[in-house]
Amino acid sequence: PFNSGLAILTEQMVQLRRGEPGRLFNVCKEMVIGTNSVVAASLRMAEYFDKIAQTDSFAHDEWLKKSKEFEKMGHDAINSIESDHLLYIFLTVPLSDTEQSMSILSLALEQHRTSFLNNERILGIMRHIWYHGHSIEVEEKIDITDQKWIDSFKLLLSRPFKFYFSPFGFLWAGEVEI
């Protein structure tokens, strides 16, 4: 239902932008609340309101403000997930309503949602992936702090394969010329 509603909104964008931004925002907000994935839906609505802002120079700032409110809805939903492990799964599992395989992280990256991606918890998950690789064991504590060079060097000496197969190690090893 959400994708159908968004398709109708997109078709009628020219007419809808002539109305009051607050009214359209309220309708779209109810659509987002009624979905299974508030985060993905709020990111899509933020993109929709950005597109309206690009075509309506008169109320540009008002449309962008509403877009930011949808992005905040996504932040609030992210922050309501208590477990970092569940958050990792939530951010990386492919969405079921997209034509191509795409996760919430991929959607946010594609839309250039830097303020959404700068969420403290999302950054912590990304740091963990950067230093430790994509797989996260249930028993493993998610390390959300930046790793020091000495820690990376210790990992290189003690577990070279784990170091190399982490994104950080792979990039670092690729930069070293022998």
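Worth saying up front: this structure is predicted, and the values here are computed from it rather than measured. These numbers come from the heavy atoms of this one structure, side chains and all, not from hydrogens, waters or symmetry mates.
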Could you grab the distance from atom [atom1] of [X] to atom [atom2] of [Y], nearest 0.5 Å is fine?
{"X": "D76", "Y": "N79", "atom1": "CG", "atom2": "CG", "answer": "6.5 Å"}
{"X": "L95", "Y": "L43", "atom1": "CG", "atom2": "CG", "answer": "9.5 Å"}
{"X": "R113", "Y": "E47", "atom1": "CZ", "atom2": "CD", "answer": "6.5 Å"}
{"X": "I122", "Y": "I78", "atom1": "CD1", "atom2": "CD1", "answer": "4.5 Å"}
{"X": "L64", "Y": "I52", "atom1": "CG", "atom2": "CD1", "answer": "10.5 Å"}
{"X": "F2", "Y": "C28", "atom1": "CZ", "atom2": "SG", "answer": "8.0 Å"}

How close do [X] and [Y] get, heavy atom to heavy atom, and via which atoms?
{"X": "S67", "Y": "A46", "answer": "OG-O, 2.9 Å"}
{"X": "R44", "Y": "N3", "answer": "NH1-OD1, 4.4 Å"}
{"X": "W63", "Y": "D56", "answer": "NE1-OD2, 2.9 Å"}
{"X": "K68", "Y": "S115", "answer": "NZ-OG, 4.0 Å"}
{"X": "I104", "Y": "S37", "answer": "CD1-OG, 4.1 Å"}
{"X": "E110", "Y": "M102", "answer": "OE1-CE, 3.2 Å"}

* Using the side-chain contact (heavy atoms from CB on, under 4.5 Å) rule, pick out the option among I33, N26, V27, V32 that qualifies with E30. => I33

Establish whether [X] and [Y] are linked, either directly or via other cluster members, by ILVMFWY side-chain heavy-atom contacts under 4.5 Å.
{"X": "L109", "Y": "Y88", "value": "yes"}
{"X": "V38", "Y": "F90", "value": "no"}
{"X": "L105", "Y": "F70", "value": "no"}
{"X": "L24", "Y": "M73", "value": "yes"}
{"X": "I125", "Y": "L86", "value": "yes"}

* To do: Evaluate side chain to side chain contact (heavy atoms under 4.5 Å, CB included) for L107 paired with Q111, printing each intermediate quantity in order.
  => CA-CA 6 Å; L107 180 64; Q111 294 180 1; 3.5 Å; yes

* Think K66 forms a cation-pi with F49, using NZ or CZ under 6.0 Å from the six-ring centre and within 45 degrees of its axis? -> no

* Salt-bridge criterion met for K65 and D61 (N-O under 4.0 Å) -> no

* To do: For atom CD of Q15, decide whether the heavy atoms of other residues, nucleotides or ligands shown that lie under 6.0 angstrom number more than 12.
  => yes

* Heavy atoms of other groups near N118 CG, more than 12 under 6.0 Å -> yes

* Asked: Under 30°, 30 to 60°, or over 60°: which ring-plane class applies to H75 and F116, parallel, tilted or perpendicular?
  -> perpendicular

* Do M45 and L9 touch side chain to side chain, with heavy atoms closer than 4.5 Å? -> yes

* ILVMFWY cluster membership beyond F58 - transitive side-chain contacts under 4.5 angstrom -> none

